[in-house]
Structures are given as structure tokens and as C-alpha cells.
Amino acid sequence: MKLLSTLCVASLLVVGCNATELDRDPGDGFLNHNRPAGRLEGSIVYDGPPPSVDAQGVPLGRVVLLLFRADNLPPPQGFATSAVSVQTVPASVLFANVTAGANGVRATAPFMFPNIVDAGHYQLRAFYSNRPEDRGFHPVYGVRASPQRGDVGGGAVVNPAASPPVFNTLTVGDLQSNGAVTMPLEGAVVRGVTVFLGAPIVEDRPAFHTPSNMVQAFTGRPLEAPPQRPAERPTWARRTGFNLPPAEALILASNVASGDAATFLGALPALTLQAGLQGSETQAAVQAGVTFSGPLSFSMGVPYRPVHPTLFLPPASPGAAAQRFPWVFPLVLLVKLHDPTPDEAEVLAAPTLDPTRVSRVVASLNRPESNPPVVIFGSVVPERLSDFAGLVRPPPAPPVVTDRTRVLFPPMAFEIRGANPERDWRALVPRLPAPLAAALQGALPPGSRCLSNGLPEGRYGLTVVTARGATWSVPNELAPSALLPGAATAAASQGAVVRIERSDAPAGTECPPGLQPE
């Protein structure tokens, strides 16, 4: 899952030889701020379409290098909401010397990825952003922080010809006998890393909106107007994320209003997603540097995993196995958004608002929480679940292409603490009808919890992930901002936020065996 990102871009640095004397004593806290760090060194190898050039023939765009922890990968392999760090190389450097290549042109350039503070195992993803900087990759602008159609993808892979790609695991630091990785006091250098770029991006990002006349089992509610009293603004911010009407909050109850297993599936909240932006909002996207090649659609049915983590039919009889549904693309996730910290709340409650500081807080509020991320996994479904088999399209069967899709949200959230769902995810389960609760016995990872209040309350963003790893999320930067009037972009549908509100568990529900209600 792309998901919404906060990325910091640093220039391609060259470490000098005459540095200040280093303080490498961890006992005194590295008083000279010279904490040891690691870096990657190697070459970028490009074999793909010729780059775009400006009127003077200078290549446009840049190569974007994204570092991810191997246990916290981006969609579709994982649910990382941001890269650990980002570096860029100008296209003019990569394409300074080009030759004919198998797929167009071939070019190489050295790279260095410095300032990796934490020892560990990493993967390096990359793409060539084949656009001028005002319309290409932007590190902190979520609607432009991922590859677009026409870019060329890749990374540090085992075999550049393999499909799907297998990325190398790069160990930064010293591997200990117990499996831990530590950073030596002199730092660590991983040399000989080759980044291959040669996979053209052939699809648009899955931009979408939730048409108000198609919302099912969610209550659409215009967002509240901002309060006049400064002291009330932090509370308002937690509820709205600073989106102005006519953007909507889509309200979801924390418990499913059914204590009967036979009717439970029909009571699950559902939402209809429409591909693209509505009406004149496309122009707002163009003004923000976001472009699409034409009418957008969803490619549905490519399998992701054999079974969905939470979607299953009640057992036909006591003791019988529950019928599990496969998990297919596009993945649709509800991701809990950030609540203001005390410092951010102070900025919001100030009698005189500082536009720059408020802008940073607004951006922070509409990004995913990270300690740990809380995710609810939706499932794209046909209008009738009995037609589900026709939706699943294993390759080489072509996917189902549609401009509208229906998504069910089973009532289980997960805290994502690593890449292994059987070990690193913690389920947050509401009270359920007895047959459904019993069907979860032994199926939940260690550390799972049963919450009497149901799913965790708060604001959630909605993210769609395609089979190729392209993402789109709302709310995003195209939304109108309540405290930033006169913004150049204003797409109300991109300000929609899902809000889970407290509701009581129905009578007759219970926790899965082995879990006590909290």
C-alpha cells in the first residue's frame, strides 16, 4: 500500500577528508553530534526509453532512490507509509553519456546514499521521474511522491530480468551472532550496490473519490466549521484534519450493529469508490502538477494472498470451518491518521496563527500514525458475494477493468509492527457474534486484543494500492485547507476522511476464545 508519505530529500553528498574530530563515545551521547552512520555506494544502470529533454536538450527529471527497512516495505509487499530516507540524482548526471540499449538507451552513473543512522537490513527502491521538477516527483507532496505513468522503475534487484522483481537485502552495520545488526563506531559502508532502472510505469496512479450518492453503510456528514475560540481548535483538528466543507467526514461505527452471525456479513460497512476526480477537480490536480493520461479505472481481481485477513463467511454449522475469501487487488486500506502532539496542539490553539507553522501541522494531521500504524483491510467485492469466484483473475487472465468498485470493511484492525503477519501484526478485534468469534480461535497472531469499544476511534485515511504498487490516498494535498485560504488547489472530494466513532457492542456478542475484553 501508496500509501501518503513524509520524505526528506538531501543532496547527493560527498564526504570530505578534513572533517571535524569525531566524538564516537556513546556513553556521553555523541556530544559533537557525530553519531556513526552508514552509507551505500555503487552505480545506477539505466536501460529504458530515452529521457525527456528541455528546449536546450538537457535531460529533465531525476532519479529517486528510496531506502526502506527490509521488515517494513512499501506496497504491495508491505504497508510502509514512508521511506526511511530519500536521495536524488539529477537526470543530467545520469544521462551525461548514453549509448544504445536493448530497450532504448543505456546510461550509468555513480551514486552514494549517506547518513543511514540506524544499523539494519534494508532494500533500495528507485525510479526515474521523467518530468520537469514542477510536475515530477516531490518528496513531501503525497500526490506527487510516487512514480507516475511514463516514469521508469527499478531498484537494487537480484536479477534485472526477473518479473516480479526480487530486491537485494542490504545489511548496513555488523551482523552479530544473535542476528542483531549493530553500527560500528567508525560507521559502515556497503559498496558495489547496483541499482537497475528499466521497468517503465505503464499505468496511472489509482486516483479516486467517494461519490456522495453512492456511499453505502457510511454516514456522510459535512465537516464542522472551524471554531472561533482558539482553545477549541485542537479538538476540532482531531476530528476534521482541517478540511473545509463541502469535504465530508464518512462516519463509521466502531462496532457492527448485528449480534446475529447470519446477518452479520450484510451489516458490514461498504463504500463505493469512483475512479478519477469529480468534475472540475481535475483542473485543480493539473494546477498542482498532477497529470493523468486519460479516463481512470480500477484493474480488479489479481490475487494478492490466498485468503483475506478478516473477510470470511460464518461457519455453516458449529465446529465447521469458516469460508475464507481470497484477497485481490486493488487493496483498499483504512489507515489511522496522526493526532496532534502537545506541541502541534499549542500551534493550533495560538491566538495568532502562524501560517507556516499551521501548514506543517495540517500536513502532519493528514498523514498516517506511525507508532505503530493501525490499518483496517477492506476487500473489493462483487455486488453479490456469490459472484466472488468470477472476480478472482490469476495471471495470465486479464483483470476486470471498471471505473467503480465496491469495498467491504470487516471489523478488525491491525497494529503493523513488522513484515510478518503471523508474528508482527496485532489484531484489534471488537466483540463478535459467537460463531464468528469461535471461528477466530487460533487464527489471531500473538498479542491480539479484544476491545469492548470496538475499532479504535479517530480519523482514518483511505488508500488504494494496485498490483504494481501504485497508490492514491485521501485526504491529500488537493483538498481545501480550513486555515490556508486562497490555496491554488481545491478539490473537495480529496478532503474526505473516514471517522470511526464510538458505538456499543450489540447484545449476544463476545470476544474470540482466549482474549479478554478490554
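Numbering starts at 1 and runs along the sequence shown. Just so we're clear, the structure is a prediction, and the values are computed from it rather than from any experiment. Note: hydrogens, waters and symmetry copies are ignored here, and every other heavy atom, side chains too, is used.
The cationic group of R69 lies under 6.0 Å from the six-membered ring centre of Y122 and within 45° of the ring axis, placing it in a cation-pi geometry. Figure legend: cation-pi geometry between R62 and F137 absent, as NZ or CZ is not positioned both under 6.0 Å from the six-membered ring centre and within 45° of its axis.
Separating the CG atom in L66 from the CZ atom in R125 is a distance of 9.5 Å, to the nearest 0.5 Å. Rounding to the nearest 0.5 angstrom, the gap separating the CH2 atom in W236 from the CG atom in L348 is 9.5 Å. From R149, atom CZ reaches atom OG1 of T291 across 10.5 Å, with rounding to the nearest 0.5 Å.
A side chain to side chain donor-acceptor pair (under 3.5 Å) with E369 is found for exactly one of H338, K336, R459, namely H338.
Within the 3.5 Å criterion, the main-chain N or O of A275 finds no donor-acceptor partner in the side chain of D403. The backbone N or O of R417 sits nowhere less than 3.5 Å from a side-chain atom of D424 that would complete a donor-acceptor pair. A donor-acceptor contact shorter than 3.5 Å links the side chain of E457 to the backbone of R502. Between the side chain of E281 and the backbone N or O of S493, at least one donor-acceptor pair lies under 3.5 Å. Within the 3.5 Å criterion, the main-chain N or O of G142 finds no donor-acceptor partner in the side chain of R367.
Taking every heavy atom of both residues into account, S452 and N255 meet most closely at O-ND2, 3.8 Å. Contact record, P351 with P230: CA-CG, 4.1 Å, taken as the closest heavy-atom pair.
Looking at L311 and L265, their side chains come closer than 4.5 Å, going by heavy atoms from C-beta outward.
In summary, the side chains of N453 and S254 do not present any donor paired with an acceptor at a separation below 3.5 Å, with no hydrogens or angles considered.
Contact check on R238 versus D339 returns no salt bridge, with no Lys/Arg side-chain nitrogen under 4.0 Å from an Asp/Glu carboxylate oxygen. With salt bridges taken as basic N to acidic carboxylate O contacts below 4.0 Å, none links R144 and E477.
Ring orientation note: the planes of H308 and F377 are nearly perpendicular, at an angle over 60° on the 30°/60° scale.
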